[in-house]
Number of protein chains: 2
Amino acid sequence: MGAMTKTQGRPRGFDRDAALERAMIEFWSRGYEATSIATLTSAMGINPPSLYAAFGDKRKLFHEAVERYAGTHGMVTVRALAEEPVARDAMARLLREAARVYSDPSHPPGCLVITAAVNVTSEEVKAELREGRAASKRAFEQKIQADVDAGRLPPDTDAHALATYYAAVVQGMSTQSCDGATREELEQVADLAMRAWPA
Amino acid sequence: MGAMTKTQGRPRGFDRDAALERAMIEFWSRGYEATSIATLTSAMGINPPSLYAAFGDKRKLFHEAVERYAGTHGMVTVRALAEEPVARDAMARLLREAARVYSDPSHPPGCLVITAAVNVTSEEVKAELREGRAASKRAFEQKIQADVDAGRLPPDTDAHALATYYAAVVQGMSTQSCDGATREELEQVADLAMRAWPA
DNA sequence: AAAGATCTGTAGTGATCGATACGAAAAGGA
DNA sequence: TCCTTTTCGTATCGATCACTACAGATCTTT
(Lines give C-alpha, C1' and ligand atoms only; values in the text may rest on other atoms or scores of the structure.)
Protein backbone atom coordinates (compact mmCIF):
# COMPACT_ATOMS: atom_id res chain seq x y z
CA MET A 1 0.00 0.00 0.00
CA GLY A 2 1.77 3.10 1.22
CA ALA A 3 5.21 1.52 0.95
CA MET A 4 4.82 1.07 -2.81
CA THR A 5 7.09 3.52 -4.58
CA LYS A 6 6.13 2.52 -8.13
CA THR A 7 2.41 2.36 -8.83
CA GLN A 8 0.83 1.01 -11.94
CA GLY A 9 -0.86 3.21 -14.52
CA ARG A 10 0.37 6.14 -16.54
CA PRO A 11 2.87 8.20 -14.51
CA ARG A 12 2.23 11.86 -13.73
CA GLY A 13 3.64 14.06 -16.45
CA PHE A 14 4.60 17.02 -14.25
CA ASP A 15 6.51 17.79 -11.04
CA ARG A 16 3.89 17.99 -8.28
CA ASP A 17 6.16 19.92 -5.95
CA ALA A 18 7.13 22.48 -8.59
CA ALA A 19 3.48 22.91 -9.54
CA LEU A 20 2.57 23.49 -5.88
CA GLU A 21 5.32 26.12 -5.66
CA ARG A 22 3.82 27.95 -8.63
CA ALA A 23 0.35 27.74 -7.12
CA MET A 24 1.65 29.15 -3.81
CA ILE A 25 3.17 32.12 -5.64
CA GLU A 26 -0.15 32.82 -7.38
CA PHE A 27 -2.17 32.65 -4.16
CA TRP A 28 0.45 34.82 -2.45
CA SER A 29 0.26 37.40 -5.22
CA ARG A 30 -3.50 37.53 -5.87
CA GLY A 31 -5.21 36.03 -2.83
CA TYR A 32 -7.46 32.99 -2.67
CA GLU A 33 -10.56 34.07 -4.58
CA ALA A 34 -8.94 36.26 -7.24
CA THR A 35 -6.73 33.33 -8.23
CA SER A 36 -8.86 31.34 -10.67
CA ILE A 37 -8.39 27.75 -11.74
CA ALA A 38 -7.46 29.07 -15.19
CA THR A 39 -4.77 31.27 -13.62
CA LEU A 40 -3.47 28.35 -11.57
CA THR A 41 -3.38 25.81 -14.40
CA SER A 42 -1.62 28.34 -16.63
CA ALA A 43 1.01 29.08 -13.97
CA MET A 44 1.42 25.41 -13.09
CA GLY A 45 1.67 24.36 -16.73
CA ILE A 46 -1.07 21.75 -16.46
CA ASN A 47 -4.77 21.31 -17.34
CA PRO A 48 -7.67 21.35 -14.87
CA PRO A 49 -8.08 17.53 -14.70
CA SER A 50 -4.43 17.16 -13.69
CA LEU A 51 -4.85 19.79 -10.98
CA TYR A 52 -7.94 18.12 -9.56
CA ALA A 53 -6.39 14.64 -9.75
CA ALA A 54 -3.24 15.77 -7.94
CA PHE A 55 -4.65 18.21 -5.36
CA GLY A 56 -8.37 17.45 -4.93
CA ASP A 57 -9.91 20.89 -5.43
CA LYS A 58 -9.01 24.58 -5.17
CA ARG A 59 -9.61 24.63 -1.42
CA LYS A 60 -7.25 21.69 -0.77
CA LEU A 61 -4.63 23.12 -3.14
CA PHE A 62 -4.75 26.38 -1.18
CA HIS A 63 -4.35 24.45 2.06
CA GLU A 64 -1.24 22.74 0.72
CA ALA A 65 0.08 26.07 -0.55
CA VAL A 66 -0.36 27.59 2.93
CA GLU A 67 1.41 24.61 4.50
CA ARG A 68 4.24 25.02 2.01
CA TYR A 69 4.48 28.75 2.77
CA ALA A 70 4.52 28.09 6.50
CA GLY A 71 7.33 25.56 6.05
CA THR A 72 9.49 27.85 3.94
CA HIS A 73 9.07 31.64 3.76
CA GLY A 74 6.89 31.80 6.87
CA MET A 75 9.51 29.92 8.85
CA VAL A 76 11.98 32.79 9.22
CA THR A 77 9.83 34.67 11.73
CA VAL A 78 8.99 31.54 13.69
CA ARG A 79 12.70 30.70 13.81
CA ALA A 80 13.49 34.08 15.35
CA LEU A 81 11.24 33.27 18.31
CA ALA A 82 12.63 29.75 18.62
CA GLU A 83 16.33 30.53 18.34
CA GLU A 84 16.65 33.77 20.30
CA PRO A 85 16.51 33.05 24.03
CA VAL A 86 15.74 36.64 25.04
CA ALA A 87 12.30 37.94 24.04
CA ARG A 88 13.55 41.38 23.12
CA ASP A 89 16.22 39.95 20.80
CA ALA A 90 13.66 37.58 19.33
CA MET A 91 11.19 40.35 18.53
CA ALA A 92 13.86 42.69 17.15
CA ARG A 93 15.18 39.93 14.91
CA LEU A 94 11.66 38.92 13.85
CA LEU A 95 10.87 42.47 12.76
CA ARG A 96 14.15 42.83 10.85
CA GLU A 97 13.58 39.49 9.12
CA ALA A 98 10.03 40.55 8.25
CA ALA A 99 11.37 43.78 6.74
CA ARG A 100 13.76 41.75 4.61
CA VAL A 101 11.43 38.98 3.38
CA TYR A 102 8.37 41.21 2.86
CA SER A 103 10.36 43.40 0.47
CA ASP A 104 12.30 40.57 -1.23
CA PRO A 105 11.76 41.15 -4.98
CA SER A 106 12.24 37.44 -5.79
CA HIS A 107 8.69 36.70 -4.63
CA PRO A 108 5.38 38.55 -4.03
CA PRO A 109 5.43 41.30 -1.36
CA GLY A 110 4.05 40.94 2.13
CA CYS A 111 2.93 37.82 3.97
CA LEU A 112 0.62 35.21 2.45
CA VAL A 113 -0.96 34.37 5.82
CA ILE A 114 -1.83 38.04 6.39
CA THR A 115 -3.13 39.01 2.94
CA ALA A 116 -4.31 35.96 0.95
CA ALA A 117 -7.69 35.58 2.68
CA VAL A 118 -8.65 39.27 2.95
CA ASN A 119 -12.01 39.99 1.31
CA VAL A 120 -12.60 36.27 0.75
CA THR A 121 -16.15 34.94 0.90
CA SER A 122 -15.39 31.43 2.19
CA GLU A 123 -15.45 31.50 5.98
CA GLU A 124 -13.46 28.27 5.99
CA VAL A 125 -10.55 29.83 4.08
CA LYS A 126 -10.65 33.00 6.17
CA ALA A 127 -10.65 30.95 9.37
CA GLU A 128 -7.63 28.92 8.30
CA LEU A 129 -5.39 31.99 7.87
CA ARG A 130 -6.93 33.80 10.85
CA GLU A 131 -5.95 30.83 13.01
CA GLY A 132 -2.41 31.10 11.64
CA ARG A 133 -2.24 34.75 12.63
CA ALA A 134 -3.72 33.99 16.03
CA ALA A 135 -1.09 31.31 16.58
CA SER A 136 1.67 33.81 15.82
CA LYS A 137 0.17 36.28 18.24
CA ARG A 138 -0.02 33.62 20.96
CA ALA A 139 3.64 32.76 20.30
CA PHE A 140 4.53 36.46 20.74
CA GLU A 141 2.66 36.59 24.03
CA GLN A 142 4.24 33.40 25.37
CA LYS A 143 7.72 34.58 24.45
CA ILE A 144 7.13 37.89 26.24
CA GLN A 145 5.46 36.32 29.27
CA ALA A 146 8.36 33.88 29.64
CA ASP A 147 10.75 36.80 30.08
CA VAL A 148 8.37 38.50 32.50
CA ASP A 149 8.33 35.31 34.56
CA ALA A 150 12.12 35.08 34.33
CA GLY A 151 12.50 38.61 35.64
CA ARG A 152 14.00 39.93 32.40
CA LEU A 153 10.97 42.17 31.94
CA PRO A 154 9.11 44.32 34.53
CA PRO A 155 6.46 42.36 36.44
CA ASP A 156 3.75 44.82 35.40
CA THR A 157 4.41 44.15 31.69
CA ASP A 158 1.16 43.47 29.81
CA ALA A 159 2.27 40.57 27.58
CA HIS A 160 -1.10 40.37 25.83
CA ALA A 161 -1.16 44.06 24.89
CA LEU A 162 2.47 43.96 23.77
CA ALA A 163 1.81 40.87 21.63
CA THR A 164 -1.20 42.54 20.02
CA TYR A 165 0.92 45.60 19.32
CA TYR A 166 3.69 43.66 17.57
CA ALA A 167 1.16 41.58 15.66
CA ALA A 168 -0.34 44.85 14.41
CA VAL A 169 3.10 46.20 13.46
CA VAL A 170 3.96 43.05 11.48
CA GLN A 171 0.61 43.18 9.68
CA GLY A 172 1.15 46.87 8.97
CA MET A 173 4.59 46.14 7.55
CA SER A 174 3.04 43.53 5.27
CA THR A 175 0.46 46.05 4.02
CA GLN A 176 3.14 48.71 3.58
CA SER A 177 5.27 46.35 1.48
CA CYS A 178 2.24 45.63 -0.73
CA ASP A 179 1.97 49.41 -1.15
CA GLY A 180 5.55 49.52 -2.36
CA ALA A 181 7.57 50.23 0.79
CA THR A 182 11.29 49.50 0.42
CA ARG A 183 13.38 47.29 2.64
CA GLU A 184 15.03 50.35 4.18
CA GLU A 185 11.66 51.89 5.05
CA LEU A 186 10.45 48.63 6.60
CA GLU A 187 13.63 48.34 8.63
CA GLN A 188 13.06 51.84 9.96
CA VAL A 189 9.53 50.78 10.93
CA ALA A 190 11.00 47.73 12.68
CA ASP A 191 13.50 49.85 14.62
CA LEU A 192 10.86 52.40 15.64
CA ALA A 193 8.52 49.61 16.76
CA MET A 194 11.18 48.37 19.21
CA ARG A 195 11.02 51.70 21.03
CA ALA A 196 7.78 50.43 22.56
CA TRP A 197 9.63 47.62 24.31
CA PRO A 198 9.30 47.85 28.15
CA ALA A 199 11.93 49.58 30.27
CA MET B 1 -30.59 72.68 -17.22
CA GLY B 2 -28.72 72.22 -13.98
CA ALA B 3 -30.85 74.70 -12.10
CA MET B 4 -33.99 72.66 -12.75
CA THR B 5 -35.10 71.04 -9.55
CA LYS B 6 -38.08 69.17 -11.00
CA THR B 7 -37.41 67.19 -14.14
CA GLN B 8 -39.99 65.49 -16.21
CA GLY B 9 -40.36 61.73 -16.40
CA ARG B 10 -41.15 59.12 -13.77
CA PRO B 11 -39.50 60.09 -10.48
CA ARG B 12 -36.92 57.80 -8.86
CA GLY B 13 -38.63 55.39 -6.50
CA PHE B 14 -35.80 55.13 -3.97
CA ASP B 15 -33.54 57.36 -1.87
CA ARG B 16 -30.28 57.63 -3.79
CA ASP B 17 -28.33 58.72 -0.73
CA ALA B 18 -29.67 55.92 1.46
CA ALA B 19 -28.92 53.39 -1.30
CA LEU B 20 -25.34 54.70 -1.55
CA GLU B 21 -24.97 54.34 2.22
CA ARG B 22 -26.02 50.68 1.98
CA ALA B 23 -23.62 50.11 -0.92
CA MET B 24 -20.76 51.69 1.08
CA ILE B 25 -21.45 49.33 4.00
CA GLU B 26 -21.35 46.32 1.66
CA PHE B 27 -18.06 47.38 0.03
CA TRP B 28 -16.65 48.11 3.48
CA SER B 29 -17.65 44.68 4.74
CA ARG B 30 -16.77 42.49 1.75
CA GLY B 31 -14.34 44.49 -0.41
CA TYR B 32 -14.78 45.58 -4.01
CA GLU B 33 -14.71 42.33 -5.95
CA ALA B 34 -16.46 40.06 -3.46
CA THR B 35 -19.41 42.48 -3.40
CA SER B 36 -21.52 41.40 -6.38
CA ILE B 37 -24.20 43.41 -8.16
CA ALA B 38 -26.73 40.94 -6.74
CA THR B 39 -25.44 41.61 -3.21
CA LEU B 40 -25.56 45.36 -3.80
CA THR B 41 -29.06 45.46 -5.31
CA SER B 42 -30.36 43.28 -2.49
CA ALA B 43 -28.82 45.53 0.17
CA MET B 44 -29.91 48.70 -1.62
CA GLY B 45 -33.46 47.43 -2.14
CA ILE B 46 -33.41 48.06 -5.90
CA ASN B 47 -33.01 46.15 -9.17
CA PRO B 48 -29.93 46.18 -11.41
CA PRO B 49 -31.34 48.66 -13.99
CA SER B 50 -32.02 51.19 -11.21
CA LEU B 51 -28.46 50.82 -9.92
CA TYR B 52 -26.94 51.34 -13.35
CA ALA B 53 -29.24 54.28 -14.14
CA ALA B 54 -28.43 56.04 -10.87
CA PHE B 55 -24.70 55.25 -10.47
CA GLY B 56 -23.33 54.29 -13.92
CA ASP B 57 -21.62 51.01 -13.17
CA LYS B 58 -20.07 49.08 -10.27
CA ARG B 59 -16.78 50.95 -10.59
CA LYS B 60 -18.44 54.38 -10.37
CA LEU B 61 -20.67 53.25 -7.50
CA PHE B 62 -17.56 52.14 -5.62
CA HIS B 63 -15.93 55.51 -6.30
CA GLU B 64 -18.94 57.30 -4.82
CA ALA B 65 -18.94 54.94 -1.86
CA VAL B 66 -15.27 55.73 -1.20
CA GLU B 67 -15.98 59.46 -1.43
CA ARG B 68 -18.85 59.03 1.01
CA TYR B 69 -16.64 57.08 3.40
CA ALA B 70 -13.90 59.70 3.18
CA GLY B 71 -16.46 62.41 3.96
CA THR B 72 -17.94 60.64 6.99
CA HIS B 73 -16.19 57.80 8.84
CA GLY B 74 -12.80 58.52 7.28
CA MET B 75 -13.00 62.12 8.41
CA VAL B 76 -12.28 61.53 12.10
CA THR B 77 -8.61 60.73 11.55
CA VAL B 78 -8.14 63.62 9.11
CA ARG B 79 -9.78 65.92 11.66
CA ALA B 80 -7.27 64.92 14.33
CA LEU B 81 -4.42 66.15 12.13
CA ALA B 82 -6.27 69.34 11.22
CA GLU B 83 -7.49 70.33 14.68
CA GLU B 84 -4.54 69.44 16.89
CA PRO B 85 -1.79 72.05 16.51
CA VAL B 86 0.95 69.84 18.00
CA ALA B 87 1.98 66.82 15.92
CA ARG B 88 2.34 64.53 18.92
CA ASP B 89 -1.17 65.38 20.15
CA ALA B 90 -2.51 64.93 16.65
CA MET B 91 -1.01 61.48 16.21
CA ALA B 92 -2.02 60.33 19.69
CA ARG B 93 -5.58 61.49 19.08
CA LEU B 94 -5.62 59.94 15.59
CA LEU B 95 -4.59 56.55 16.98
CA ARG B 96 -7.17 56.70 19.77
CA GLU B 97 -9.88 57.68 17.29
CA ALA B 98 -8.83 54.84 15.00
CA ALA B 99 -9.07 52.40 17.92
CA ARG B 100 -12.60 53.62 18.60
CA VAL B 101 -14.01 53.71 15.05
CA TYR B 102 -12.31 50.51 13.83
CA SER B 103 -13.98 48.56 16.63
CA ASP B 104 -17.36 50.35 16.50
CA PRO B 105 -19.93 47.53 16.26
CA SER B 106 -22.45 49.79 14.47
CA HIS B 107 -20.55 49.35 11.19
CA PRO B 108 -18.03 46.94 9.60
CA PRO B 109 -14.63 46.66 11.35
CA GLY B 110 -11.45 48.31 10.14
CA CYS B 111 -10.97 50.96 7.50
CA LEU B 112 -12.55 50.78 4.04
CA VAL B 113 -9.61 52.57 2.39
CA ILE B 114 -7.17 50.04 3.85
CA THR B 115 -9.06 46.79 3.23
CA ALA B 116 -11.63 47.15 0.42
CA ALA B 117 -9.18 46.86 -2.49
CA VAL B 118 -6.93 44.10 -1.11
CA ASN B 119 -6.70 41.11 -3.50
CA VAL B 120 -8.63 43.02 -6.15
CA THR B 121 -7.83 42.39 -9.81
CA SER B 122 -8.67 45.86 -11.18
CA GLU B 123 -5.53 47.99 -11.07
CA GLU B 124 -7.71 51.08 -11.32
CA VAL B 125 -9.60 50.24 -8.12
CA LYS B 126 -6.42 49.27 -6.27
CA ALA B 127 -4.75 52.53 -7.35
CA GLU B 128 -7.65 54.64 -6.10
CA LEU B 129 -7.41 53.36 -2.53
CA ARG B 130 -3.62 53.17 -2.60
CA GLU B 131 -3.56 56.88 -3.45
CA GLY B 132 -5.85 57.51 -0.47
CA ARG B 133 -3.44 55.70 1.83
CA ALA B 134 -0.46 57.52 0.31
CA ALA B 135 -2.23 60.85 0.91
CA SER B 136 -2.71 59.98 4.59
CA LYS B 137 0.94 59.03 4.89
CA ARG B 138 2.00 62.33 3.30
CA ALA B 139 -0.26 64.17 5.75
CA PHE B 140 1.45 62.35 8.64
CA GLU B 141 4.87 63.32 7.33
CA GLN B 142 3.93 66.97 6.80
CA LYS B 143 2.44 67.22 10.28
CA ILE B 144 5.62 65.77 11.79
CA GLN B 145 7.98 67.84 9.64
CA ALA B 146 6.11 71.01 10.59
CA ASP B 147 6.93 70.38 14.25
CA VAL B 148 10.54 69.58 13.39
CA ASP B 149 10.77 72.91 11.56
CA ALA B 150 9.09 74.67 14.49
CA GLY B 151 11.61 73.21 16.91
CA ARG B 152 9.05 71.13 18.79
CA LEU B 153 10.80 67.95 17.62
CA PRO B 154 14.55 67.16 17.46
CA PRO B 155 16.18 68.41 14.23
CA ASP B 156 17.45 64.90 13.41
CA THR B 157 13.88 63.49 13.42
CA ASP B 158 13.23 61.38 10.32
CA ALA B 159 9.71 62.53 9.45
CA HIS B 160 9.41 60.12 6.54
CA ALA B 161 10.36 57.06 8.60
CA LEU B 162 8.08 58.13 11.44
CA ALA B 163 5.18 58.67 9.03
CA THR B 164 5.74 55.23 7.50
CA TYR B 165 5.77 53.73 10.97
CA TYR B 166 2.47 55.28 12.02
CA ALA B 167 0.89 54.41 8.68
CA ALA B 168 1.91 50.80 9.32
CA VAL B 169 0.50 50.91 12.86
CA VAL B 170 -2.85 52.26 11.65
CA GLN B 171 -3.04 49.61 8.93
CA GLY B 172 -2.13 46.95 11.49
CA MET B 173 -4.87 48.19 13.82
CA SER B 174 -7.35 47.90 10.95
CA THR B 175 -6.29 44.32 10.27
CA GLN B 176 -6.41 43.48 13.98
CA SER B 177 -9.95 44.83 14.25
CA CYS B 178 -10.98 42.65 11.30
CA ASP B 179 -9.51 39.72 13.25
CA GLY B 180 -11.75 40.59 16.21
CA ALA B 181 -9.59 42.85 18.36
CA THR B 182 -11.59 44.83 20.94
CA ARG B 183 -11.54 48.57 21.44
CA GLU B 184 -9.50 48.15 24.61
CA GLU B 185 -6.87 46.08 22.81
CA LEU B 186 -6.64 48.61 19.99
CA GLU B 187 -6.30 51.46 22.49
CA GLN B 188 -3.40 49.61 24.10
CA VAL B 189 -1.81 49.29 20.66
CA ALA B 190 -2.32 53.02 20.14
CA ASP B 191 -0.68 53.85 23.47
CA LEU B 192 2.27 51.53 22.84
CA ALA B 193 2.76 53.01 19.37
CA MET B 194 3.20 56.46 20.90
CA ARG B 195 6.26 55.23 22.78
CA ALA B 196 8.12 55.49 19.47
CA TRP B 197 7.59 59.25 19.43
CA PRO B 198 10.90 61.16 19.43
CA ALA B 199 12.51 62.51 22.64
C1' DA C 1 0.55 -9.68 -26.10
C1' DA C 2 -3.57 -8.70 -23.41
C1' DA C 3 -5.66 -6.59 -19.31
C1' DG C 4 -6.07 -3.24 -15.75
C1' DA C 5 -4.91 1.21 -13.81
C1' DT C 6 -3.86 6.04 -13.98
C1' DC C 7 -2.83 10.34 -16.28
C1' DT C 8 -3.61 13.39 -20.30
C1' DG C 9 -6.01 17.03 -23.27
C1' DT C 10 -10.51 18.37 -25.24
C1' DA C 11 -14.59 20.03 -24.41
C1' DG C 12 -17.82 20.67 -21.99
C1' DT C 13 -21.34 21.12 -17.17
C1' DG C 14 -24.51 24.40 -14.31
C1' DA C 15 -23.85 28.60 -11.58
C1' DT C 16 -22.74 33.24 -11.16
C1' DC C 17 -20.35 37.38 -12.79
C1' DG C 18 -21.26 42.49 -14.51
C1' DA C 19 -24.24 44.68 -17.43
C1' DT C 20 -28.80 45.38 -20.58
C1' DA C 21 -33.01 44.98 -23.85
C1' DC C 22 -37.53 45.70 -23.41
C1' DG C 23 -42.13 47.02 -22.39
C1' DA C 24 -45.15 48.59 -18.68
C1' DA C 25 -45.68 52.38 -15.30
C1' DA C 26 -45.52 57.15 -13.73
C1' DA C 27 -44.41 61.76 -13.93
C1' DG C 28 -44.57 66.79 -16.59
C1' DG C 29 -45.70 69.67 -20.79
C1' DA C 30 -48.70 70.44 -24.75
C1' DT D 1 -56.19 64.03 -23.35
C1' DC D 2 -52.16 62.77 -25.79
C1' DC D 3 -46.95 63.03 -26.13
C1' DT D 4 -42.43 62.91 -24.28
C1' DT D 5 -39.32 61.61 -20.75
C1' DT D 6 -37.57 58.85 -17.19
C1' DT D 7 -37.77 54.83 -14.04
C1' DC D 8 -39.55 50.49 -13.08
C1' DG D 9 -39.48 45.07 -12.87
C1' DT D 10 -38.67 40.96 -15.68
C1' DA D 11 -35.83 38.30 -18.10
C1' DT D 12 -32.20 37.98 -20.05
C1' DC D 13 -27.01 38.68 -22.47
C1' DG D 14 -22.06 36.79 -23.21
C1' DA D 15 -18.08 35.90 -20.18
C1' DT D 16 -16.11 33.60 -16.58
C1' DC D 17 -16.36 30.83 -12.32
C1' DA D 18 -15.08 26.00 -10.14
C1' DC D 19 -15.37 21.61 -11.71
C1' DT D 20 -15.81 17.15 -14.58
C1' DA D 21 -17.26 13.49 -18.42
C1' DC D 22 -14.97 11.21 -21.74
C1' DA D 23 -11.74 8.96 -24.65
C1' DG D 24 -7.05 8.35 -26.05
C1' DA D 25 -2.34 7.72 -24.24
C1' DT D 26 1.04 5.46 -21.23
C1' DC D 27 2.43 2.92 -17.62
C1' DT D 28 2.55 -1.97 -14.67
C1' DT D 29 0.93 -6.52 -14.21
C1' DT D 30 -0.38 -10.96 -15.91
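Note: hydrogens, waters and symmetry copies are ignored here, and every other heavy atom, side chains too, is used. Because the structure is a prediction, the values reported are computed rather than measured. Numbers restart at 1 for each chain; the letters A, B, ... are given by sequence-line order, proteins then strands.
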Give a yes/no on whether any side-chain N or O of B:Ser50 is located under 4.0 angstrom from OP1 or OP2 of D:dT7.
-> no

In whole Å, I'd like the distance from the [atom1] atom of [X] to the [atom2] atom of [N].
{"X": "B:Leu51", "N": "D:dC8", "atom1": "CG", "atom2": "P", "result": "11 Å"}
{"X": "B:Gln8", "N": "D:dT7", "atom1": "CD", "atom2": "P", "result": "11 Å"}
{"X": "B:Met44", "N": "D:dG9", "atom1": "CE", "atom2": "P", "result": "13 Å"}

Cation over ring face, A:Arg30 and A:Phe27, 6.0 Å, 45° =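 Not satisfied by the 6.0 Å and 45° rule.
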
Using the salt bridge (Lys or Arg N to Asp or Glu O under 4.0 Å) criterion, which residues pair with [X]? Sequence neighbours excluded.
{"X": "B:Glu141", "result": "none"}
{"X": "B:Arg10", "result": "none"}
{"X": "B:Arg88", "result": "none"}
{"X": "B:Asp17", "result": "B:Arg68"}

Which residue lies more 5' along DNA chain C, comparing B:Gly9 with A:Asn47 via nearest heavy atoms =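 Between the two, 5'-proximity favours A:Asn47.
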
With sequence neighbours excluded, tell me which residues meet side chain to side chain contact (heavy atoms under 4.5 Å, CB included) with A:Glu84.
->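 Testing A:Glu84 for side chain to side chain contact (heavy atoms under 4.5 Å, CB included), a comparison that skips the adjacent residues, returns A:Asp89, A:Ala90, A:Arg93.
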
Residues two or more places apart in sequence or in another chain: which of them pass side chain to side chain contact (heavy atoms under 4.5 Å, CB included) with B:Ala135?
-> B:Glu131, B:Arg138

Supply the members, apart from B:Val86, of the Ile/Leu/Val/Met/Phe/Trp/Tyr cluster built from side-chain contacts under 4.5 Å; use none for a lone residue.
->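 Via sub-4.5 Å side-chain contacts, B:Val86 links to none.
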
Do nucleotides 18-24 of chain D as a string where each nucleotide becomes B, S or -: B if the base has a protein heavy atom under 4.0 Å, S if just the sugar-phosphate does, - if no protein is that close.
-> SBBB--B

To the side chain of B:Arg12, which of C:dG28, D:dT7, C:dA26 is closest?
->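 So the side chain of B:Arg12 is nearest to D:dT7.
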
Using a heavy-atom distance cut-off of less than 4.0 Å, which residues of residues 19-31 of chain B contact DNA chain C?
-> none

